[in-house]
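Below, read A as the first sequence line, B as the second, and so on, with proteins coming before strands; counting in each chain starts at 1.
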Number of protein chains: 2
Amino acid sequence: MTDIDAPSAPRISAQRADAQRNKQTLLDVAAALFVTSGVEVSVREIAAQAGVGIGTVYRHFPTRADLIIAVYRHQVETCAEAGPVLLARYASPYAALAEWIQLFVDFLATKHGLADVMQPGDPSFDALHRHLLDRLAPVCTAFLDAAVEAGEIRPGIQAYELMRGVGNLCIGAGTDPHYDARRLVDLLIAGLRRVNPHAQVDTGDEPRGEEVCNRPFQSRGNRHPLISRKRG
Amino acid sequence: MTDIDAPSAPRISAQRADAQRNKQTLLDVAAALFVTSGVEVSVREIAAQAGVGIGTVYRHFPTRADLIIAVYRHQVETCAEAGPVLLARYASPYAALAEWIQLFVDFLATKHGLADVMQPGDPSFDALHRHLLDRLAPVCTAFLDAAVEAGEIRPGIQAYELMRGVGNLCIGAGTDPHYDARRLVDLLIAGLRRVNPHAQVDTGDEPRGEEVCNRPFQSRGNRHPLISRKRG
DNA sequence: TTGACAAACGGAACACTGTTCCGTAATGTA
DNA sequence: TACATTACGGAACAGTGTTCCGTTTGTCAA
């Protein structure tokens, strides 16, 4: 996952011409196939479309995930760089955050299956997962810190968690007309909001109904033994 | 996917004794393996642990998803039946909804990888996906309708969409200590809330900052050409 | 131009899925 | 006990990502 783009210690020449050509072809073909068939296209199909052998793919991209990362590297970078710009443009850090999150959602939701594969667990895609979060979570943290300081949102939510939540909400977007990821992300971001900026924080016990909107967020663990481990 | 539990037209006898025994063993073994290894365990491993051949697994459960559905059928049923009970118990439909959603989250989040696999797309798991949503979405609709009528939440959100969103947020829960699905679901549910129950609905153009919390939800499509289809 | 050699290629092979198929074995009835 | 039916077991199939290694090719020095 490290330095896929950079030439590795040019001993004689930078890189053989055919290697450069093949790598570029692979990136182009993969980008095109990701659009038409989703990021789940098999390595074999990418290789075939590019007119190279499977071994060539793995020579340039040690893992399928590395190829995906390389294809979307620029877009992730663009999204990350938009962070400070938006933060400076808006008087309200919350508004800037909402705008930036939409940027991220638009990126994820328009790539078939990208969000599906961005989840951790599958060790093969951990690299992809880490790359996106390592690059974007710090940007998000800036938004959150500013918004908390301005009293616009409740404290206690971490950027990593929020980004993963947004990413998860994007799963399946574009394949199901009855599922609108953007709408749900809006819901999530709205839930972040501290309704009355200078209200007293509610630190009482189990929150109910009316007060649910204004307390800070903390983990609470399982509270419902109603459904326990038991087979049907 | 239809009537896995029910005996299929008992012509001579209900079912052979060894078949009954094997089916029960498979359900028990699968339930145990789902807890220890997650729902991703291979069919071969389940068969081996149960001491039967692979063919036997597929005889009783035409698909891996069918086995998963069968294992969790009772719990899904319990969750569905809890709906009306909670709705009757709380004066606030919103509070009841919040409680019920937590029930659902507790169910999903404690099953390794169940949420991961509940997403559509993979045709093999469409059955699982449909089963959960078909059973639970109507229950959720009752909550939402009541809450909207009581003026507690904004209209415009569909039960199917909300359930899928909650399900998506549960993906990866339990495998990552830095990701708390419950906290994010709380955020999502909080975002549902109409802050001032009898406030005028904001129907202005692009909402910003302060007013973002009280408008109804509608799809808005892509609005950010900043990140477009282009390779890195 | 030619030789030499590292770099790159291609694709068979491996390990792993879920699923199908069919010859064989066990079961319950007459 | 004889027999029809039901169920079993596991090899085989189609698919995946990845590894490995014999062969080809590009490049630079002589």
Side-chain angles (χ1 to χ4, degrees), chain A residues 1 4 7-26 29-30 33-34 37-69 113 116-117 121-128, chain B residues 1 4 7-26 29-30 33-34 37-69 113 116-117 121-128:
Chain A
M1 231 54 37
I4 286 174
S8 53
R11 259 187 5 113
I12 304 179
S13 79
Q15 194 180 29
R16 257 170 56 172
D18 55 345
Q20 283 185 331
R21 219 183 318 121
N22 280 333
K23 182 169 184 175
Q24 193 54 54
T25 304
L26 278 171
V29 165
L33 282 176
F34 288 172
S37 311
V39 295
E40 313 91 344
V41 281
S42 67
V43 178
R44 276 170 184 78
E45 182 153 345
I46 295 172
Q49 286 282 330
V52 302
I54 302 168
T56 302
V57 179
Y58 280 92
R59 160 160 292 268
H60 292 294
F61 307 100
T63 269
R64 229 180 74 93
D66 291 312
L67 176 55
I68 299 176
I69 292 175
D116 308 41
V117 114
D122 188 345
S124 157
F125 285 106
D126 258 18
L128 177 57
Chain B
M1 227 50 36
I4 286 174
S8 54
R11 254 181 19 107
I12 302 182
S13 79
Q15 195 179 28
R16 252 171 61 173
D18 55 346
Q20 283 186 331
R21 219 182 318 121
N22 280 332
K23 181 170 185 175
Q24 192 56 51
T25 303
L26 278 171
V29 165
L33 282 177
F34 288 171
S37 311
V39 295
E40 313 90 345
V41 281
S42 68
V43 177
R44 275 172 184 76
E45 183 153 344
I46 296 172
Q49 286 281 331
V52 302
I54 303 168
T56 302
V57 179
Y58 280 93
R59 160 160 292 270
H60 293 294
F61 308 100
T63 270
R64 230 181 75 92
D66 293 311
L67 176 54
I68 299 176
I69 292 175
D116 308 43
V117 111
D122 187 346
S124 158
F125 285 107
D126 258 17
L128 177 57

Contacts of A:E45 that satisfy side chain to side chain contact (heavy atoms under 4.5 Å, CB included) - sequence neighbours left out: A:L33, A:S42, A:Q49
Contacts of A:A19 that satisfy side chain to side chain contact (heavy atoms under 4.5 Å, CB included) - sequence neighbours left out: A:Q15, A:R16, A:H60
Heavy-atom side-chain contact between B:V43 and B:Y58 under 4.5 Å: yes
In this structure, how many angstroms lie between the [atom2] atom of [N] and the [atom1] atom of [X], rounded?
X     : N      : atom1 : atom2 : value
A:Q20 : C:dA8  : CD    : P     : 10 Å
A:E40 : D:dG15 : CD    : C1'   : 15 Å
A:L26 : C:dG10 : CG    : P     : 10 Å
A:Q15 : C:dA7  : CD    : C1'   : 10 Å
B:R21 : C:dT27 : CZ    : C1'   : 10 Å
A:E45 : D:dT16 : CD    : P     : 8 Å
B:F61 : D:dA7  : CZ    : P     : 13 Å
B:I46 : C:dT19 : CD1   : C1'   : 14 Å

What distance do [X] atom [atom1] and [Y] atom [atom2] have between them, rounded to the nearest 0.5 Å?
X     : Y      : atom1 : atom2 : result
B:L67 : B:L128 : CG    : CG    : 10.5 Å
A:L26 : A:Q24  : CG    : CD    : 9.5 Å
B:I68 : B:F34  : CD1   : CZ    : 4.5 Å
B:N22 : B:Q20  : CG    : CD    : 10.5 Å

If only side-chain N and O atoms of [X] are considered, is one of them under 4.0 Å from the OP1 or OP2 phosphate oxygen of [N]?
X     : N      : result
B:N22 : D:dA7  : no
A:S42 : D:dG15 : no
B:H60 : D:dC8  : yes
B:T56 : D:dG9  : yes

Bending between helix ends of the helix from C:dT1-D:dA30 to C:dA30-D:dT1 [5 pairs per end, 10° resolution]: 10°
Nucleotide nearest B:D18 when distance is taken to its side chain, options C:dG10, C:dT27, D:dG26: C:dT27
Selection from D:dT18, C:dT27, C:dG10 that lies nearest to any side-chain heavy atom of A:Y58: D:dT18
Any donor-acceptor N/O pair under 3.5 Å between C:dA7 base and A:R16 side chain: yes
B:V52, B:I54, B:V41 screened by side-chain contact (heavy atoms from CB on, under 4.5 Å) with B:I46, the one that passes: B:V41
B:A17 vs B:R64, nearer the 5' end of DNA chain C by closest nucleotide: B:R64
Tabulate protein N/O versus nucleotide N/O from nucleotides 12-14 of chain D, keeping only pairs under 3.5 Å, one per line.
residue : atom : partner : partner atom : Å
D:dA12  : N6   : B:R44   : NH2          : 3.2

Residue met sooner reading DNA chain D from 5', once A:R59 and A:V41 are mapped to nucleotides: A:V41
Minimal non-hydrogen separation, A:A47 against A:V57, with atom names: CB-CG2, 3.7 Å
